[in-house]
Protein chains: 2
Amino acid sequence: MTPRLDLRCADCGIRHRAVCARCDEAELARLEEVKFYRRYEAGQKIVWAGDELSFVGSVVSGIATMSQTLEDGRVQMVGLLLPSDFIGRPGRETAPYDVTAASDVTLCCFRRAPFERLLADMPHVSGRLLEMTLDELDAAREWMMVLGRKTARERIASLLVSVARREASFDLMPRTHDLRLDLPLTREAMSEYLGLTIETVSRQISQLGREGVIALDDRRRILIPDLDRLIVETGDDVTVA
Amino acid sequence: MTPRLDLRCADCGIRHRAVCARCDEAELARLEEVKFYRRYEAGQKIVWAGDELSFVGSVVSGIATMSQTLEDGRVQMVGLLLPSDFIGRPGRETAPYDVTAASDVTLCCFRRAPFERLLADMPHVSGRLLEMTLDELDAAREWMMVLGRKTARERIASLLVSVARREASFDLMPRTHDLRLDLPLTREAMSEYLGLTIETVSRQISQLGREGVIALDDRRRILIPDLDRLIVETGDDVTVA
DNA sequence: CGTAGAATTGATATATATCAAGCCTAGTGG
DNA sequence: CCACTAGGCTTGATATATATCAATTCTACG
């Protein structure tokens, strides 16, 4: 599970989903020359909002969160960074958000300036980055619906389903039985993502548990006996989803 | 104010902000060959969610809204499209959201397939599109904070400030006196954007009026005597903003 | 002038926040 | 090995912001 720090691109788990997904051998070799890995322990800050962003990179393993804080301390998570997701933005010097490791995290990094130069003459990278950015934009908009219009229960269900979907698309095996979700988020992190308080998150999770929609293994491990049932609880249009 | 439908790119008001912003003469000529204009009246649907998206394009004048609807009718706006904003996404065949003209709208359009081909060999366009998409992503994330954590009053203030900022950056003249905002949105449209009900929007606007933070001209025309005061009401960190 | 949609305003209901207490669980040190 | 602790979580009681329901009032338009 823990990738070695001298991982070759060819052996990389996110090879086919990250910014480098469309690169050929020669292009990979070029990236390989300048990439470097970084590791963070659960809880560590990866980027501070407002600081200079000296590097960009992809999440290789683990989960990180992006969040924004108002003066008075209110916090809103604006993104959940799963393996293959990209951190940082070309053409911007300071980070707009805090990025924090929710679990142990490994990043595959590039110094920002050289990466921007690569972008200019590797359309396979810039094209993939555009595609990923458009996907993120869709995800952000879906989340606007969650935050603006959904009930607490629907928000919890939406979070679980969206993570379940991402995990499922990773290990493509057709799951015959219960989906077991590893969600390394504290109730506090969930509340920050969902625009709720810890207490409301806790109550709704308990409630869904009591009703058998989900089952709680460990406090951070959730069992989904019937994904379709959970999807109904998201409030989304089932036909589209 | 109303652009002629045979507008030349060189005379176009959004020339320096839209996807074509970085194009040189030769590139513009190429776009000019395939572009076409469309006009919509206030209230008209421009795109239906789920339908095939046969074209992409830029807002030349007017305001449009992007929104998403749940089965049970709950609506959330996920974007406000002002002049120079781009509609549609290369590499996707069906529209994920409804797009509606809030005022009379003129679009500068391209058929999707040819546009995608252009993208491939005009890095000035694809690069600019990436940049615009990253900006939209930031805007969507800022809105997640609004929807997840801000009070009704702060939401109203945030909407007004964000539109005021966009307008101000258009006519760059240093405003010496009151900012006059033309906001062609019904209370319903605002409530859909803000994740509130019409009644709450109305009450908060009245309240801000009573306190002199804003003044109401016409029902759709708002006067901002002191932008800094309004910014305080957004709850945002003033030092950053 | 009359009508319809938009907006305002008031009374009340309700979902979620807030305040508060106690309970797990993993890790620590005696 | 076993208290002991601290952080995370759960649960309960109450407060509150916003939704909901309902009645007017505006405004534009035929």
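Labels below follow one simple rule: chain letters A, B, ... track the order of the sequence lines, proteins then strands, and each chain is numbered from 1.
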CD/B:Glu211: more than 12 non-hydrogen atoms of other groups inside 6.0 Å
yes
Can you name the atoms? Protein N/O to nucleotides 19-25 of chain C N/O, anything below 3.5 Å, with the distance.
{"unit_1": "C:dC19", "atom_1": "N4", "unit_2": "A:Glu199", "atom_2": "OE2", "d": "3.0"}

What is the distance, rounded to the nearest whole Å, between atom [atom1] of [X] and atom [atom2] of [N]?
| X | N | atom1 | atom2 | answer |
| --- | --- | --- | --- | --- |
| A:Leu208 | D:dC9 | CG | P | 16 Å |
| A:Gln207 | D:dG12 | CD | P | 11 Å |
| A:Glu192 | D:dC9 | CD | P | 12 Å |
| A:Arg221 | D:dC9 | CZ | C1' | 19 Å |
| B:Asp218 | D:dC26 | CG | C1' | 12 Å |
| B:Arg74 | D:dA19 | CZ | C1' | 13 Å |
| B:Arg153 | D:dA19 | CZ | P | 16 Å |
| A:Met190 | D:dT10 | CE | C1' | 13 Å |

Which sits closer to the 5' end of DNA chain D, A:Arg149 or A:Leu216, going by the nucleotide each is nearest to?
A:Leu216
List the atom of B:Leu147, the atom of B:Tyr193, and the distance in Å for their closest heavy-atom pair.
CD2-O, 3.7 Å
Looking at every non-hydrogen atom in both residues, tell me the closest pair between B:Cys108 and B:Tyr37 and how far apart they are.
CB-CE2, 3.8 Å
Could you tell me whether [X] contacts a base, only the sugar-phosphate backbone, or nothing, with contacts defined as non-hydrogen atoms closer than 4.0 Å?
| X | result |
| --- | --- |
| B:Leu196 | sugar-phosphate |
| B:Ser206 | sugar-phosphate |
| B:Thr186 | sugar-phosphate |
| B:Gly195 | sugar-phosphate |

Taking 4.0 Å as the cut-off, does a side-chain nitrogen or oxygen of B:Ser202 come that near to OP1 or OP2 on C:dA7?
no
Selection from [options] that lies nearest to any side-chain heavy atom of [X]:
| X | options | value |
| --- | --- | --- |
| B:Thr151 | D:dT18, D:dA19, C:dT9 | D:dT18 |
| B:Ile198 | C:dT18, D:dT11, C:dT8 | C:dT8 |
| B:Arg187 | C:dA17, C:dA7, D:dT11 | C:dA7 |
| B:Arg220 | C:dA7, C:dT16, D:dT10 | C:dA7 |

Do B:Asp138 and A:Arg92 meet the salt-bridge criterion of a basic N to acidic O distance under 4.0 Å?
yes
Is a salt bridge present between A:Arg229 and A:Glu233, judged by a nitrogen-to-oxygen distance below 4.0 Å?
yes
For residues B:Arg39 and B:Thr106, is any side-chain donor paired with an opposing acceptor at under 3.5 Å?
yes
Taking the side chain as every heavy atom from C-beta outward, state whether B:Ile205 and B:Val201 have any pair of such atoms under 4.5 Å apart.
yes
Would B:Val99 and B:Leu81 count as a side chain to side chain contact (heavy atoms under 4.5 Å, CB included) if you check the C-alpha gap in whole Å, the side-chain angles of each, and the deciding distance to 0.1 Å?
CA-CA 9 Å; B:Val99 178; B:Leu81 297 160; 3.9 Å; yes
